[in-house]
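First up is the structure itself, then whatever we jot down about it.
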Amino acid sequence: MENEQKLRTLTLSDQLLVFSHSGLEQAAWNYPRLQNLGFCYLMVPAIRRLYPEKEARILATQRHLELFNTMPYMQSLITGVTLSLEEDHANGKGVSDNDIRALKISMMGSLAGVADPVWWGTLRPILSAFAASLALSGFGIVGPLVFFIGWNVARLTFRWATQRWGYLQGLKVVTFLSSGVLQKLTLGASIVGMFVMGAIVPRWTRLKFAPIIASSQHASLSLQSMLDQLLPGLVPLMLTLVCVWLLRHHVKPLWLLLGVFILGLGGYWLGLLR
């Protein structure tokens with residue numbers, strides 16, 4: 001009974017305090033150790049709760065001042081598992097300093113690789129497209145508000161849920177992630193992201209030809225209408241693919257934007273585009 005009372009446990013308020021610190025993980029970003037200061041800062045409430053002794057606090061702080069770098073939104077899952085291991089370490093359950101270091105190193109790289117296609121390649125384009133459609137449809141400021149509120153609700157909900165899940169599951173999270181779920185998630189996000197971008201291209205990229213191929217007293221046939229009948233959206237798709245090809249061949253985006261701008265003005269001046 002006495003041993004149970006002496007167990008050092010992180011309360012829900014401690015975890016909420018850690019979560020409130022998590023938005024500042026890059027506020028002290030530095031080249032030698034990247035996000036280490038930010039990660040150490042968000043761990044401060046847990047260190048204070050788990051280690052009343054000064055020496056133990058110093059060792060725990062030094063442990064989290066080592067190099068750390070990952071995608072910020074995925075950092076919350078690492079934080080949750082780290083909190084669980086720190087709690088076990090404080091209670092003498094066979095978790096060493098090296099175990100905690102190894103966990104952070106093993107998770108930060110793999111999760112960062114998954115986060116880019118999921119967050120930047122899928123969720124952000126989908127939400128951006130929806131918000132932009134609202135703005136273009138006459139809803140005005142509702143579009144930007146939908147993006148701002150929707151993005152932050154998704155971001156904060158995900159970060160709290162993953163931190164809490166990581167804390168409750170501990171090392172079971174590592175077993176779950178190593179089962180191949182990360183590869184499947186990355187592949188699925190990439191497919192959805194490409195599908196969304198494919199739907200966005202003909203909607204937002206507009207390139208129409210002006211020349212009339214044939215005309216009569218009752219109707220006329222333009223080059224654009226003929227292309228639309230053959231394959232709608234072909235010209236915007238070709239323009240997009242050319243831009244992607246140029247980017248992959250190290251053409252700077254600024255030069256690419258300037259080229260598209262000149263193409264539009266020149267084509268309109270020559271009567272080729274409208």
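None of these values were measured; they are calculated from a predicted model.
Put simply, the side chain of Thr82 reaches to within 4.5 Å of the side chain of Phe39, judged on heavy atoms. Counting only heavy atoms from C-beta outward, the side chains of Lys54 and Ile58 approach each other to under 4.5 Å. When side chains are defined from C-beta on, Leu24 does not count as touching Leu42, because their heavy atoms never get closer than 4.5 Å. Inter-residue side-chain proximity for Glu87 and Thr9 is flagged as met; some heavy-atom pair is nearer than 4.5 Å. The shortest side-chain heavy-atom distance between Asp99 and Leu171 does not fall under the 4.5 Å cut-off. Between Ser20 and Leu17 there is a side-chain heavy-atom pair separated by less than 4.5 Å. Two residues are said to be in side-chain contact when any heavy atoms from C-beta on lie closer than 4.5 Å; Val142 and Val146 meet this criterion. Residues Met71 and Trp119 are in side-chain contact: their nearest non-hydrogen atoms beyond the backbone lie under 4.5 Å apart.
Side-chain heavy atoms closer than 4.5 Å link hydrophobic residues (I, L, V, M, F, W, Y) into clusters, and following such links, possibly through other members, connects Met107 to Phe68. A single hydrophobic cluster is not seen to contain both Leu50 and Leu65; linkage of ILVMFWY side chains at heavy-atom distances under 4.5 Å, directly or through other members, places them apart. Met108 and Tyr41 are not part of a single hydrophobic cluster, where members link through side-chain heavy atoms under 4.5 Å apart. In the hydrophobic cluster analysis, where Ile, Leu, Val, Met, Phe, Trp and Tyr join through side-chain heavy atoms closer than 4.5 angstrom, Leu111 is grouped together with Ile100. Residue Leu16 is grouped with residue Leu156 when hydrophobic side chains (ILVMFWY) are merged at heavy-atom distances under 4.5 angstrom, including chains of intermediate members.
Without hydrogens or angle criteria, Asp88 side chain to Val95 main chain gives no donor-acceptor distance under 3.5 Å. At least one donor-acceptor pair closer than 3.5 Å links the side chain of Asp14 to the backbone N or O of Thr11.
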Q.
Evaluate Asn30 against Leu34 for side chain to side chain contact (heavy atoms under 4.5 Å, CB included), listing each step before the verdict.
A. CA-CA 5 Å; Asn30 61 92; Leu34 307 177; 5.8 Å; no

Q: Step by step, work out the side chain to side chain contact (heavy atoms under 4.5 Å, CB included) result for Phe130 and Leu134.
A: CA-CA 6 Å; Phe130 178 67; Leu134 290 177; 3.8 Å; yes

Q: Check the pair Asn36 / Leu67 against side chain to side chain contact (heavy atoms under 4.5 Å, CB included), numbers first and verdict last.
A: CA-CA 5 Å; Asn36 70 320; Leu67 185 143; 5.9 Å; no

**Q.** side chain to side chain contact (heavy atoms under 4.5 Å, CB included) between Arg63 and His89, worked out
**A.** CA-CA 12 Å; Arg63 184 162 56 245; His89 178 74; 3.9 Å; yes

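Contact detail for Pro72 and Arg159: the closest heavy-atom pair is O-NH2, 2.9 Å. Contact between Val81 and Gly170 at its shortest, heavy atoms only, is CG1-O, 3.7 Å. Across all non-hydrogen atoms, the minimal contact from Ala131 to Gly143 is CB-O, 3.2 Å. A pairwise comparison of heavy atoms in Leu127 and Gly150 identifies CD2-C, 3.9 Å as the closest pair. The two residues Leu77 and Thr162 make their nearest non-hydrogen contact at CD1-O, 3.5 Å. Considering all non-hydrogen atoms of both residues, Thr79 and Met43 come closest at CG2-SD, 4.3 Å.
Ring-plane geometry between Tyr73 and Trp151 is classed as tilted, the angle between the planes lying from 30 to 60 degrees on a 0 to 90 degree scale.
Heavy-atom contacts from other residues, nucleotides or ligands closer than 6.0 Å to CG of Leu12 number more than 12.
In this structure, the separation between CG on Leu256 and CG on Leu247 is 5.0 Å, given to the nearest 0.5 Å. Once rounded to the nearest 0.5 Å, the distance linking CH2 of Trp160 with CZ of Arg164 reads 5.5 Å. Distance CD1/Ile78 to OG/Ser106: 8.0 Å, rounded to 0.5 Å. Between atom CD1 of residue Ile262 and atom CG of residue Leu265 there is a gap of 8.0 Å, rounded to the nearest 0.5 Å. Remark: Ser84 OG to Gln163 CD distance equals 12.0 Å, nearest 0.5 Å. Here the straight-line distance linking atom CG of Asn152 with atom CZ of Phe147 works out to 8.5 Å at 0.5 Å rounding.
Considering His64, Gln75, Glu66 as possible partners of Lys104, the one that fulfils the side-chain contact (heavy atoms from CB on, under 4.5 Å) test is His64.
Ion pairing between a basic and an acidic side chain is recognised when a charged N comes within 4.0 Å of a carboxylate O; Glu86 and Arg48 show no such pairing.
Taking the ring centroids of Tyr31 and Trp29, they lie under the 6.0 Å cut-off.
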